[in-house]
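Below: one structure, written as C-alpha cells.
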Amino acid sequence: MELREPLRRAILEAAVRIDPAAANVEVIIQETPEDLPGDYGTPVAFALARLLRRSPLEIADQLAATIQLPPRFVRVEASKAYLNFFVDPASFLIGVLYDPLKFEETGHRVIVEHSSVNPNKELHVGHLRNVVLGDTMARLGRWLGYRIEVQNYIDDTGRQAAEALFAAAHFGLPRDDSKYDHWLGELYVYLHQELANPERRSELEPGIRAVMHQLEAGERRSEIEQVVRAQLQTCADLGADYDLLVWESDIVSGGLLRRSLELLQASPRCHFAAEGKYAGCLVLETEQVLPGLEDPTLVLVRSDGTATYIAKDIALQFWKFGLLDGFRYQIFGEQPSGRPLYTTAPQGEPAGFGHAAEVINVVDDRQSYPQAVVRAALELVGYPMEAAQSHHLAYGPVLLEGQTISGRKGITISIDEVIEEAVRRAGELLSSKRLANPDHLARQIGIGALRFSMLRAEPARRVDFRWDSALSLQGDAAPYLQYAAVRAAAVIRRAEEAGLSIYNAEFLLLGEAEVTVAKVINRLADIAMAAWRERAPHLLAQYALDLANSFNIYYNHRDPYGIPDTRVLATVGGQGEARLELIKKVHTTLSEVLSLLGIEVPQEM
RNA sequence: GCACCCGUAGCUCAGUUGGAUAGAGCGUCUGACUACGGAUCAGAAGGCCAGGGGUUCGAAUCCUCUCGGGUGCACCA
C-alpha cells in the first residue's frame, strides 16, 4: 500500500505553510526504531532547520501542530526533532491486507544474460552463484512488470570447447553412463595433465587446432549441443530457465560482428594499426575512456583477420540494444518449467528477440574491465542512453573451504554433486517424520537451501562455500522461510476447518502486534524495486528473513503472564477472523518472495 | 606500478537515498501452558563498524590518507 507519498506530501505542505522557502526540502520517511513512539517518522526538521535557520525542535513542534494527517494516520508527535506518526491500526491493517500489490506490465524490455558457461565440462559451485543471481533477477524483473528475455551465451568456438572435443575423440574412452558434461569434463582435465608436458603439448596442439577450425566452421555443433543440454539439465534442477541461447559462432556467421566493426570504425578511437606492435590489427584506444590498463590499446581484430572475444562481446551488446541485426532462430526444446527455449541458428528464421531498453549481464567481477569496455563502446558509437542502461551484475568468486576453485588442482565440486548432497541431508532430517512425499520435500528443501546460500550475501562479496553453512537447514536459511510459510498455511487450514469467516472479521480488535507485522509486509514493494535498481537480490533474501521472523515472533507472542495472546482460534468477537486475514497476507507475501528467490513452498515439512 | 572490489560480535553475514540506542544466524549460557506445527520463540554474554584525518546538527554509510585481503592489466576467453 502506498503510504509514504501521501505522508510526504502532507509534511511538505505543512512545511511550506510555515515558510515557502521549504518547498524543495527532501522529506525522508522511515519506520520508527523499535521501542520509540510512533510507526513512521521523519527527520525533516533537521533539513528545514538549515534551510530556514531556525531550531529544529521548534520546527518539529510547529510541523506537528500544522500538519494535516493523511488517511490511516491518527496522531503526530514531535520527539526530539523527529516527527513521529501513529497509524490507526484498523484502517492501516485493512489498507495493507487488501492491497493487491500488482505491478503493471510496462513493456520495458530487459535482457538478462546469465550462466554462459563454457561448453566443455559440468557446472561447478562457482557457476552456481551466477545461475542463481541471474535467475533471481529475471524472476524479479518479470514480477515488476518488465518484459524479460533471459539469454545464455554459448562460447562454441573457444579453445576450451575445442580441447574438450579433441580429448573426447583422441583418448577414445568409451562413453560411460555418467552425465555427458561430467564425462567430457573428465577427459578435458586429463588432457590438461598431458598438456603440462611440453613434448606432449607440441604433439597434441595440431589436433586441438584442427578442432578449433572445425568449430569455427560450425561443423561439430551437435556435440557442443550435447554438452549444453547436459548443463541445462543442472540449471533446470536449480529452477532456472532461459528464453534464448546465443551462439558465439552465429555472431560471426550472421554478420553481426562485421556490422559492429563498421559502427566502431566511425569512431576516431578505433583504427587499423599500420605499423608497430599491433601492425595489421584493428584496435581500440581506451586510455581516454577507461583508466587502469598498462597498455590501453585493445585488439579487436587480430593480424590474421580473426576477431577477439571482446569484439564479439561488443557486437552482441550492440545487438542486444537493437543497433544491429542478423541472427536467425529456431526452437531448441521445451524446458521442465514449460517455457520454450530458442536458440540462434544459421538455418533458422528471423524473430523478435533483442531490441532491449536495458541489459543486465551477470558476469563475475574478474571481467569488470571487459564489461566496462562493452559499455564504453556503446558510448563511442553514439548511444549514451544505451550505455547508461548497460549493466554488469558483478559478483565475487566462490571459494571452496577457503581455497580458490581450480579444476586442475582438483579443488572443485560440481553443482550436480552439491544438489545430491543437499537433498540427502534434507532427507536425513525428514526421516523421523511421517510425511506424504518425503523425496519431493527433500528436493524442495535442499535446493532452496542452496539457492538461498548464494543469494543472502551482497554479490560483491566473495563467498566461501562450506558444506555446513551452504547446506545449513537451520538459522538464517531457506528452511526457516519455508517453515514459516508452511506454518502459516497450517494455521489458515485449521481456521478454515473451524469455519472462521472473513465476514465476521473485526479489525478494531487488532492492535500493535498486528501492525508490527503489517509494516513488514508493506515494505515489499520498496524492497523489490530497490533490489532491481541496485541489482542486489540479497535485499530480497534479507527481506524474506525479516518477514518470516516477524511472523514467527507474532505467532509465539505472549502477554506478560505468559499466555499466548495472538491466537486465531479460541477468540471471540471477530478478533480471530481478523488475525486470520493478517496471516493469509503473510502467507501470500512470503510465498511471493520465495518464488522470486526461486525457493519452493512445500505443502508440509 | 596503475585500476577496481572487500574489511561491522569468536565465525558467517545484514544495515533502503547520511538519521533516533549498529541488528540477525551459528557457537556459548538460561528459559517457554506437553503445542492453532518446537525446523519456533523469550533472555544473557559478546562491538574503538580495520586505523587516522575531514565534511555535517547527525557518519558503519560521503571525502581523504594509511594498513590488511582479493581481483584485473595477452593478437586467451
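Numbered from 1 within each chain, the chains take letters A, B, ... in sequence-line order. Small disclaimer: the values here were computed from a predicted structure and weren't measured.
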[N] base to [X] side chain: any donor-acceptor pair below 3.5 Å?
X       : N       : answer
Y483(A) : rA39(B) : no
S303(A) : rC75(B) : yes
K433(A) : rA39(B) : yes

Subject >> Those residues that, when tested against E77(A), pass side chain to side chain contact (heavy atoms under 4.5 Å, CB included) (two or more places apart) >> reply: P37(A), R75(A), F86(A)

**OP:** Name all residues meeting the side chain to side chain contact (heavy atoms under 4.5 Å, CB included) criterion together with Q160(A); count only those two or more places apart in sequence or in a different chain, and write none if there are none.
**Re:**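 Residues passing side chain to side chain contact (heavy atoms under 4.5 Å, CB included) with Q160(A): N118(A), N120(A), Y188(A).
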
Would you check if there is a donor-acceptor pair between the side chains of [Y] and [X] at a distance under 3.5 Å?
X       : Y       : value
E163(A) : H192(A) : yes
Q371(A) : H391(A) : no
S390(A) : Q317(A) : yes
Y153(A) : E248(A) : yes

Set out, line by line, the N/O atom pairs under 3.5 Å between protein and nucleotides 54-59 of chain B.
| unit_1 | atom_1 | unit_2 | atom_2 | d |
| --- | --- | --- | --- | --- |
| rC57(B) | OP1 | R50(A) | NH1 | 3.1 |

Subject >> Of the listed nucleotides rG19(B), rC26(B), rU21(B), the one nearest the side chain of L36(A) >> reply: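 It is rU21(B).
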
Original post:
Considering only rC73(B), rU17(B), rC5(B), which nucleotide approaches the side chain of I28(A) most closely?
Top reply: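 Looking only at heavy atoms from C-beta outward on I28(A), the closest nucleotide is rU17(B).
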
Could you tell me how far [M] sits from [N] if I compare only their [atom1] atoms? Round to whole Å.
N       : M       : atom1 : answer
rA74(B) : rU64(B) : C1'   : 35 Å
rG46(B) : rC26(B) : C1'   : 13 Å
rA77(B) : rU17(B) : C1'   : 38 Å
rG69(B) : rG51(B) : C1'   : 15 Å
rG38(B) : rC11(B) : C1'   : 26 Å
rU71(B) : rG31(B) : P     : 48 Å

Original post:
Is the count of non-hydrogen atoms from other residues, nucleotides or ligands lying under 6.0 Å from Q603(A) atom CD greater than 12?
Top reply: no

Please write out each protein N/O paired with an N/O of nucleotides 41-44 of chain B under 3.5 Å, distance rounded to 0.1 Å.
| unit_1 | atom_1 | unit_2 | atom_2 | d |
| --- | --- | --- | --- | --- |
| rC41(B) | OP1 | Y480(A) | OH | 2.4 |
| rC41(B) | OP1 | N549(A) | ND2 | 3.1 |
| rC41(B) | O4' | N556(A) | ND2 | 3.0 |

Give me, pair by pair, the N or O atoms of the protein and of nucleotides 10-14 of chain B that are less than 3.5 Å apart, along with how far apart they are.
| unit_1 | atom_1 | unit_2 | atom_2 | d |
| --- | --- | --- | --- | --- |
| rA14(B) | OP1 | E458(A) | N | 2.3 |
| rA14(B) | OP2 | R461(A) | NE | 3.0 |
| rA14(B) | OP2 | R461(A) | NH2 | 3.0 |
| rA14(B) | O2' | Q542(A) | OE1 | 3.2 |

Subject >> Toward the 5' end of RNA chain B, by each residue's nearest nucleotide, K312(A) or L83(A) >> reply: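 By nearest-heavy-atom nucleotide position, the 5'-most residue is L83(A).
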
**OP:** Please figure out whether L545(A) or M605(A) has its closest RNA chain B nucleotide nearer the 5' end.
**Re:**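 Nearest nucleotide further toward 5': that of L545(A).
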
**OP:** Taking Watson-Crick and G-U wobble pairs with both distances under 3.5 Å, convert RNA chain B into its dot-bracket string, 5' to 3', dots for unpaired and | for cross-strand pairs.
**Re:** (((((((..((((.....[...)))).(((((.......))))).....(((((..]....))))))))))))....

Original post:
Does the distance from a Lys or Arg side-chain N to an Asp or Glu carboxylate O, for D464(A) and R466(A), drop under 4.0 Å?
Top reply: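 Counted as a salt bridge, because a side-chain N and a carboxylate O are separated by less than 4.0 Å.
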
Original post:
Are any of Y278(A)'s side-chain N or O atoms less than 4.0 Å away from OP1 or OP2 of rC75(B)?
Top reply: yes

